[in-house]
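Worksheet for the structure shown next.
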Amino acid sequence: MSLKLSDPVTVLKGVGPNLTEKLGRLHIWSIRDLLFHLPLRYQDRTRLSEIGALVPRVEVVVEGIVDVAQVLLGRRRSLVVRLSDGTGAIILRFFHFNRAQQHRFARGRTIRCYGEVRRGAQSLEMIHPECLTIDSNEPLALEDRLTPIYPATEGLQQARLRKLMDQCVTLLDSGEGAAIQDFIPPSIRDSLNLPSLEFALAYLHRPPSNAPVGELLSGTHVTQRRLAFEELLAHQLSLKRMRQRVQAHAAPRLKLAKNLRDQFLVQLGFELTNAQSRVIKEIDSDLSKAIPMLRLLQGDVGSGKTAVAAAVSLNAIAAGYQVTIMAPTELLADQHRRNFEAWFETLDIPVMMLTGRLTQKLRKSIMAQISDGQPSLIVGTHALFQDGVNYPKLGLVIVDEQHRFGVHQRLALWDKGAAGKLRPHQLIMTATPIPRTLAMTAYADLDVSILDELPPNRKPVRTVVIADTRRDEIAQRIALACTSGRQAYWVCPLIDESDLLDAQAATDTLNYLTTALPNIRIGLIHGRLSEKDKAHVMSTFAARELDLLVATTVIEVGVDVPNASLMVIDNAERLGLSQLHQLRGRVGRGTTSADCLLLYKTPLSETAKLRLQVMRDSTDGFVIAERDLQLRGPGEVLGTRQTGESEYRMADLSRDHALLPLVQQTANDLLESNPDIVERIIERWVTSRIEYVNV
Ligand code: ADP
Ligand code: MG
């Protein structure tokens, strides 16, 4: 039988309609797709570990004799088995089991198991390990090579995928693999000592028995680097190509309108920082050109990005154009509306807001005004770019807090803003500082301006880290501060992916605090409230009619109440550094000094402890971002909200960032010399993922 790369998966043995459908869910249709479906990680089942030498959080094979097995009836019925091998004992714990499984663990039996070691109440444990009963007369061999673990989907077993891969890898060995074109120029491959693509694929699917286990497990093997390089290159190329496409269009020239700008600055009520003035100049210069601006404004929380946005909006408005500012939440849109109304009222510039929560009638009327094309500033959420909204004269699109929007959303938005032949300029604002190397990949399509200075008189937020056993004492301290005129947030972070449970946690905290602090005015805000209620609570808090606001992480982004100077973050150990930094940025915005109390539940893992120390020791977003990158070792679970990495199949930025300078250079070379290859690399690594995101 001779297989070809382009053959559909159905030519493989054992692939019927059912399996074809499941593979399709993973975007696997051809043999080529299968070969590029790479292991997420490996399991090492090649050796037995001594139970006495185990440490938590590693996955191992152990073998031992059952000492005791019993069913415990506590809160949750469980089968508990103690297994020992002469060096020590470990508990195996099962929550789902039937009688047959129970009988398998008869005292004296020899059992081999594979699973993750965890720290239990009394001793080390494995929860639901895979188990084999061993007949002591017939020793069972261990695996002779690492076991690849593939991204899978419901109903598709790893073993099944491995069998399919075996068939494909044979194909590579047969020489047909040469048809997989290697896009990395040989000179680059040589300089990095990278193997050929064909070799790398075969190796990763079927690591030979003498493969360096540690390297493969940590993702640093040269074959993994080979593919990571290509994937990073593909992403870089896709962003750069997007930029080229955008900038092939023309944009309106929006010159600085000096009078209007001066009037604005006079009534602003504060002097711009040097950084703000510099950044405004950079943007002015872009706007005055006939090419669409693609600029990222990075500025730490509280650095004053909104004032910059307002200042540069004037260029467009004075030239007769519309400006939109898109915020990720209604809460923020509303806040922007208030700011801009205050700033633009005396300048006679109309400010409108378009969000999802408007009544049908109001919505219609605002849409009608927008389609008039009069110069104005339009604040809103995603609703700004829904069907039916037309901007006849859109000159500038500003996207605030960009980490909530993907690149593709941004482009879609930009396309909608097309007015005739002209395309609007784009300013993206983010408070998520990312280390320089990472910025090169994540923002390869954007020019970057940095606000590296906070407005004067800001006092850095003092941060302390406290065990939450001292909660009562802390509540009393908050009460004391509130009676002396300070306002505070009490944040209950994400407990779960579900709004409902988060809301519940916040409500529980509210109840606790209401009882503990009868004289304090306490409000509650969480994702389950309607947009209207959220906005109401925020404006009540901003008007100082509440002293303390119990909140979930809905307040993470952008909320600006300068008088709030105290923040308690519950379960701080659960949050990633960048999220903690965002949250903490809600205080310290006024002129009084501010405090942040990070409460944690004991026991605290080593990494969690380090993370909280970083927060205590630094308030600089860039420093925090760098430390975050270093601390996220493999195996450390990332908060689901900050997995920028998840868009990669093979690369891991915290591991592979050293490749980035060369990736960037290679991307530039290829764009220049080899546009055909560019398309194909992008297609191989990025295109199918985009479809996936859009579904
Ligand atoms: P961010 O960059 O996090 O979006 P904001 O634009 O919300 O920050 O600004 C934070 C606060 O600082 C706001 O209350 C804003 O009015 C104020 N502010 C901005 N620029 C200055 C400045 N140059 N001097 C004093 N206060 C400023
Ligand atoms: Mg902001």
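Counting starts at 1 for both ligands and their atoms, following the listed order. The analysis underlying the following values was restricted to heavy atoms, covering all of them including side chains, and did not include hydrogens, waters or symmetry mates.
- Among the candidates Val279, Asp400, Ile428, Ile280, the single residue satisfying the side chain to side chain contact (heavy atoms under 4.5 Å, CB included) test with Leu297 is Val279.
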Report the C-alpha distance between Arg243 and Asp447 in whole Å, list the side-chain angles of each, state the deciding distance to 0.1 Å, and finish with yes or no for salt bridge (Lys or Arg N to Asp or Glu O under 4.0 Å). CA-CA 10 Å; Arg243 179 183 172 89; Asp447 298 308; 3.0 Å; yes
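- Of the candidates Pro456, Ala275, Gly304, Gly304 brings a heavy atom nearest to atom 8 (O) of ligand 1.
- Counting the atoms of ligand 1 from 1 in the order shown, those under 4.0 Å from a heavy atom of Ser303 are 2 (O), 8 (O).
- With atom 6 (O) of ligand 1 as the reference point, the heavy atom nearest to it among Leu451, Val308, Thr306, Asp300 is part of Thr306.
- Lys305 contributes a side-chain N or O that, together with a main-chain N or O of Gly299, makes up a donor-acceptor pair within less than 3.5 Å.
- For the pair Ser313 (side chain) and Ala309 (backbone), a donor-acceptor distance under 3.5 Å is present.
- Within the structure, ligand 1 lacks Ala431 among the residues with a heavy atom less than 4.0 angstrom away.
- Near Glu271, with a cut-off below 4.0 Å to any heavy atom, the atoms of ligand 1 are 22 (C), 23 (N), 24 (N).
- Every N/O-N/O distance between Trp343 and ligand 1 stays at or above 3.5 Å.
- Applying the 4.0 Å criterion to heavy atoms of Thr273 picks out, from ligand 1, the atoms 23 (N).
- Ring pair Phe541/Tyr489 is tilted by interplanar angle, where 30° to 60° counts as tilted.
- Residue-to-ligand polar distances keep Leu272 apart from ligand 1: every N/O pair is separated by 3.5 Å or more.
- Distance check: Glu573 CD to Thr607 OG1 gives 12.0 Å after rounding to the nearest 0.5 Å.
- Taking every heavy atom of Gln276 and a limit of under 4.0 angstrom, the matching atoms of ligand 1 come to 19 (C), 20 (N), 22 (C), 23 (N).
- Close approach to Val301 involves these atoms of ligand 1, each under 4.0 Å from a residue heavy atom: 3 (O).
- A tilted orientation is assigned to the rings of Tyr391 and Phe385, their planes being inclined by 30° to 60°.
- Assignment of Gly299 to the shell around ligand 1 is not supported, since no heavy atom sits closer than 4.0 Å.
- Taking CZ of Arg337 as the reference point, atom CG of Asn339 lies at 10.0 Å (rounded to 0.5 Å).
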